[in-house]
Amino acid sequence: MPEKNRIRVVTTLVDMDGDEMTRIMWQMVKEKLLFPYLDLPLEYYDLHVKHRDETDDRVTIDAAEAIKKYGVGVKCATITPTADRMREYNLKQDWKSPNGTIRAILDGTVFRTPILVKNIRPAVLSWKKPITVGRHAYGDIYSGAEMRIEKPGKVELVYTPGGGGEPLRQTVHDFTGAGVVQGIHNTDASISSFARACFTLAWDRKIDLWFSVKDTISKTYDAHFRAVFDREYEQHWKDKFAGTGLTYFFTLIDDAVARLMKTEGGFLWALRNYDGDVMSDMVAAASGSLAMMTSVLVSPHGWYEFEAAHGTVQRHYYRHLKGEETSTNSMALIFAWTGALRKRGELDKTPDVAAFADSLEKSAIETVEAGIMTGDLLAVAEKAPGNRKVSTEAFIDAIAANLARKMA
Ligand code: NAP
Ligand code: MG
């Protein structure tokens with residue numbers, strides 16, 4: 001497309017590059033699908049594991065700060081260093097997960113939505129529309145305290161008031177033998193911002209909100225989550241939702257799971273940290289492939305970070321390094337970009353940018369529906385004579401050709 005006809009993105013987008021196979025695809029997506037059509041101001045942060053190491057992970061913090069400044073960022077998958085990775089890349093330290101660092105700075109809730117295509121039937125046959133899982137990304141067992149109890153003895157919960165006063169005590173268990181014990185927490189501030197993020201996303205996408213916990217058993221902890229959601233609804237959303245057909249639906253988690261198997265989908269399911277961790281993987285697996293799952297971090301302050309839910313696809317990268325052809329799926333990475341562009345268009349009030357995001361998504365979906373797909377999809381797609389497995393690059397090229405027709 002000639003320079004002057006390119007669609008102008010008004011505000012800078014924060015571009016966070018990553019590692020391995022996704023880094024290779026990141027470059028291709030930008031070169032082949034975005035730059036030809038967009039006048040796109042990017043602020044580039046290289047989160048390659050080696051660059052994080054060289055900057056003592058400063059680059060990750062800078063990237064998160066840039067999202068605060070501009071509002072929207074898009075992130076490639078990154079290696080979370082482990083002992084193996086430290087040896088592989090000769091790292092100074094096992095730096096924290098970039099996602100964890102960014103989440104800690106932006107605060108917020110992670111929403112995961114599968115990308116549905118006609119020729120990949122979800123394992124749950126009634127699902128017609130995507131189910132978005134909203135996972136509370138703070139507290140509970142992810143910052144819990146645990147103890148192995150070796151011998152008989154009493155374990156208590158003790159709360160010592162900060163300003164002095166009598167401690168509150170409650171017996172957890174009187175052990176007569178060995179066992180295990182766990183203490184978890186959450187805060188009103190975090191639960192409230194979780195609730196607000198969920199209602200905001202449901203409102204943005206015009207989908208119903210389901211929320212479920214086990215408040216029949218956990219009459220203080222889970223019941224408090226429910227009370228916070230109920231209050232958020234009553235105070236800020238009930239009137240807004242009225243007349244739009246949107247609903248807020250609380251139900252016990254067991255009931256939600258049972259109902260899930262019979263619904264059409266098309267709603268947001270908000271869950272506590274562990275429930276969301278587990279259920280988002282179940283929804284992803286039931287929807288086809290990990291590479292068909294998008295993810296967005298929505299901060300209560302109005303910042304957004306879009307990414308693919310999968311990792312760096314290390315095994316494919318090693319094959320690529322050996323010179324073998326790969327067939328790695330770039331759908332979720334492409335949808336990270338379209339999600340970010342659509343949000344940018346919405347915030348900047350530039351509908352042509354959002355329309356471009358729609359066209360690109362359509363081009364990608366139609367490519368798969370035409371039978372041109374990567375290996376992961378071919379394995380789960382309905383059998384059809386036109387189906388063929390293509391390489392990582394050929395898949396992106398096919399989407400590019402489709403997009404070119406639409407943009408002509
Ligand atoms: P992964 O990268 O998600 O890949 C796991 C397997 O899933 C792959 O080996 C591949 O299966 C399949 N897969 C995932 N994405 C695919 C795609 N786009 N196209 C085709 N197949 C795909 O997880 P991992 O191998 O456990 O982790 C690798 C690295 O990613 C780790 O260093 C981890 O720290 C990092 N990670 C980063 C993030 C993030 O940045 N958000 C998230 C998770 C993991 P087959 O090999 O069977 O084809
Ligand atoms: Mg999980």
Side-chain angles (χ1 to χ4, degrees), residues 15-29 45-53 57 59-60 63-64 73-89 91 94-104 106 108 110-112 114-115 117 120 135 137 277 280-281 284-285 287-297 305-322 324-337 339 364 367-368 372-381 389-396 399:
D15 166 9
M16 290 161 278
D17 209 341
D19 291 300
E20 302 193 313
M21 206 58 212
T22 43
R23 185 182 181 92
I24 293 170
M25 296 194 286
W26 199 248
Q27 186 65 24
M28 289 181 189
V29 167
Y45 291 87
D46 189 356
L47 303 193
H48 186 281
V49 68
K50 207 56 200 161
H51 191 232
R52 278 180 272 146
D53 195 55
D57 211 21
V59 64
T60 309
V74 56
K75 181 182 167 289
C76 183
T78 46
I79 289 170
T80 297
T82 55
D84 283 346
R85 297 300 205 163
M86 283 177 67
R87 275 191 298 276
E88 181 180 359
Y89 287 93
L91 305 178
D94 57 343
W95 306 104
K96 283 194 208 138
S97 142
N99 289 55
T101 301
I102 293 168
R103 207 147 58 209
L106 302 184
V110 174
F111 296 98
R112 293 188 158 187
I115 304 161
V117 290
I120 298 174
R135 169 186 171 186
D277 183 352
S280 62
D281 287 333
S287 303
S289 159
L290 196 55
M292 297 292 273
M293 192 63 140
T294 65
S295 181
V296 58
L297 173 72
E305 186 234 359
F306 292 83
E307 62 171 351
H310 61 77
T312 60
V313 213
Q314 180 182 12
R315 279 208 293 267
H316 294 208
Y317 181 61
Y318 289 169
R319 261 181 258 146
H320 167 81
L321 288 182
K322 279 195 272 174
E324 292 170 26
E325 188 173 88
T326 55
S327 181
T328 316
N329 189 342
S330 48
M331 284 293 266
L333 288 184
I334 293 169
F335 275 65
W337 278 99
T367 300
V368 176
I372 302 171
M373 47 186 107
T374 44
D376 57 317
L377 298 185
L378 194 75
V380 293
K389 175 179 162 180
V390 295
S391 71
T392 307
E393 186 158 21
F395 182 64
I396 295 174
I399 296 171

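Everything numeric in this text was worked out from a predicted model, so none of it was measured. Below, all heavy atoms of this structure are taken into account, side chains as well, without hydrogens, waters or symmetry copies. Note that ligands are numbered from 1 as they come in the structure, with each ligand's atoms numbered from 1 the same way.
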(message) Please check: side-chain N/O of Thr78 versus main-chain N/O of Gly18, any donor-acceptor pairing under 3.5 Å?
(response) no

(message) Which residue and atom name correspond to the protein heavy atom nearest atom 14 (C) of ligand 1, and how close is it?
(response) His310 CB, 3.9 Å

(request) May I ask you to check whether over 12 heavy atoms, not counting those of Lys50, lie within 6.0 Å of atom NZ? (result) yes

(message) Below 3.5 Å, N or O to N or O, backbone or side chain included: is there any such pair between Gly311 and ligand 1?
(response) yes

(request) Could you give me the CA-CA distance, side-chain angles and deciding distance for Thr392 and His320, then say whether side chain to side chain contact (heavy atoms under 4.5 Å, CB included) is met? (result) CA-CA 10 Å; Thr392 307; His320 167 81; over 6 Å; no

(message) I'd like to check which ligand 1 atoms, numbered from 1 as shown, lie under 4.0 Å from a non-hydrogen atom of Thr328.
(response) 17 (C), 18 (N), 19 (N)

(message) Quick check against the 3.5 Å criterion: does Ser327 have a side-chain atom that pairs as donor or acceptor with the backbone of Gly375?
(response) yes

(message) Tell me whether Asn99 reaches ligand 1 (any heavy atom closer than 4.0 angstrom to a ligand atom).
(response) yes

(request) Only heavy atoms count here, so choose which of His316, Met292, Lys75 is nearest to atom 21 (N) of ligand 1. (result) His316

(request) May I ask you to list the atoms of ligand 1 that are less than 4.0 angstrom from any heavy atom of Ala77? (result) 40 (O)

(message) Any nitrogen or oxygen of Ser327 lying under 3.5 Å from a nitrogen or oxygen in ligand 1? Just yes or no.
(response) no

(message) Checking contacts now, so for atom 18 (N) of ligand 1, which I'm interested in, is there any protein heavy atom under 4.0 Å?
(response) yes

(request) Examine Glu20 against ligand 1 and note whether any of their N/O atoms are separated by less than 3.5 Å. (result) no

(request) Name the orientation class of the two ring planes belonging to Trp26 and Trp337 (parallel below 30°, tilted from 30 to 60°, perpendicular beyond 60°). (result) tilted

(request) Mark the output for Arg85 as yes if a heavy-atom distance to ligand 1 is under 4.0 Å, and as no if none is. (result) yes

(request) Decide whether the shortest distance between a heavy atom of Met331 and an atom of ligand 1 is less than 4.0 Å. (result) no

(request) With atom 11 (O) of ligand 1 as the reference point, say which of Met21, Glu307, Arg315 has the nearest heavy atom. (result) Arg315

(request) Quick one: closest heavy-atom pair of Ser289 and Leu377, and the distance? (result) CB-CD2, 4.0 Å

(request) Measure from the side-chain N and O atoms of Arg112 to the backbone N and O of Arg135, and report whether any donor-acceptor pair falls under 3.5 Å. (result) no

(message) I want to check something: taking the side chain as every heavy atom from C-beta on, are Phe306 and Thr294 in contact at a cut-off of under 4.5 Å?
(response) no

(request) Decide salt bridge (charged side-chain N to carboxylate O under 4.0 Å, His left out) for Arg85 and Asp19; before the verdict, give the C-alpha distance in whole Å, the side-chain angles of both, and the deciding distance to 0.1 Å. (result) CA-CA 12 Å; Arg85 297 300 205 163; Asp19 291 300; over 6 Å; no

(request) Verify the contact flag for atom 32 (O) of ligand 1, where contact means a protein heavy atom under 4.0 Å away. (result) yes

(message) Please work out, at 4.0 Å between heavy atoms, whether the side chain, the backbone, both, or neither of Leu290 comes within that distance of ligand 1.
(response) side chain

(request) Mind listing the closest non-hydrogen atom pair of Pro81 and Trp95 along with its distance? (result) CD-O, 3.2 Å

(message) Yes or no, since that's all I need: does a protein heavy atom fall within a distance strictly under 4.0 Å of atom 5 (C) of ligand 1?
(response) no

(request) Measure from atom 27 (O) of ligand 1 to the protein's non-hydrogen atoms and state whether any distance is below 4.0 Å. (result) no

(request) For side chain to side chain contact (heavy atoms under 4.5 Å, CB included), just list the numbers for Thr312 and Arg23, CA-CA rounded to whole Å, side-chain angles, deciding distance to a tenth of an Å, and then say yes or no. (result) CA-CA 8 Å; Thr312 60; Arg23 185 182 181 92; over 6 Å; no

(message) Closer than 4.0 Å to some heavy atom of Ala291 - which atoms of ligand 1 meet that?
(response) 16 (C), 17 (C), 18 (N), 19 (N)

(message) Please check whether Thr80 reaches ligand 1 - meaning an N/O of the residue sits under 3.5 Å from an N/O of the ligand, judged on distance alone.
(response) yes

(request) Taking Thr374 for its side chain and Asp376 for its backbone only, find out whether a donor-acceptor pair lies under 3.5 Å. (result) no

(request) Would you check whether Arg319 has a nitrogen or oxygen atom less than 3.5 angstrom from a nitrogen or oxygen atom of ligand 1? (result) no

(request) Report the nearest protein non-hydrogen atom to atom 29 (C) of ligand 1: residue, atom name, distance rounded to 0.1 Å. (result) Thr312 OG1, 3.0 Å

(message) Are any of the N/O atoms on Val313, whether in the backbone or the side chain, positioned under 3.5 angstrom from an N/O atom of ligand 1?
(response) yes

(message) For the OH atom of Tyr89 and the CG atom of Asp53, what is their distance to the nearest 0.5 Å?
(response) 12.0 Å

(message) Using heavy-atom distances only, which candidate in Asp19, Leu47, Thr78 approaches atom 40 (O) of ligand 1 most closely?
(response) Thr78

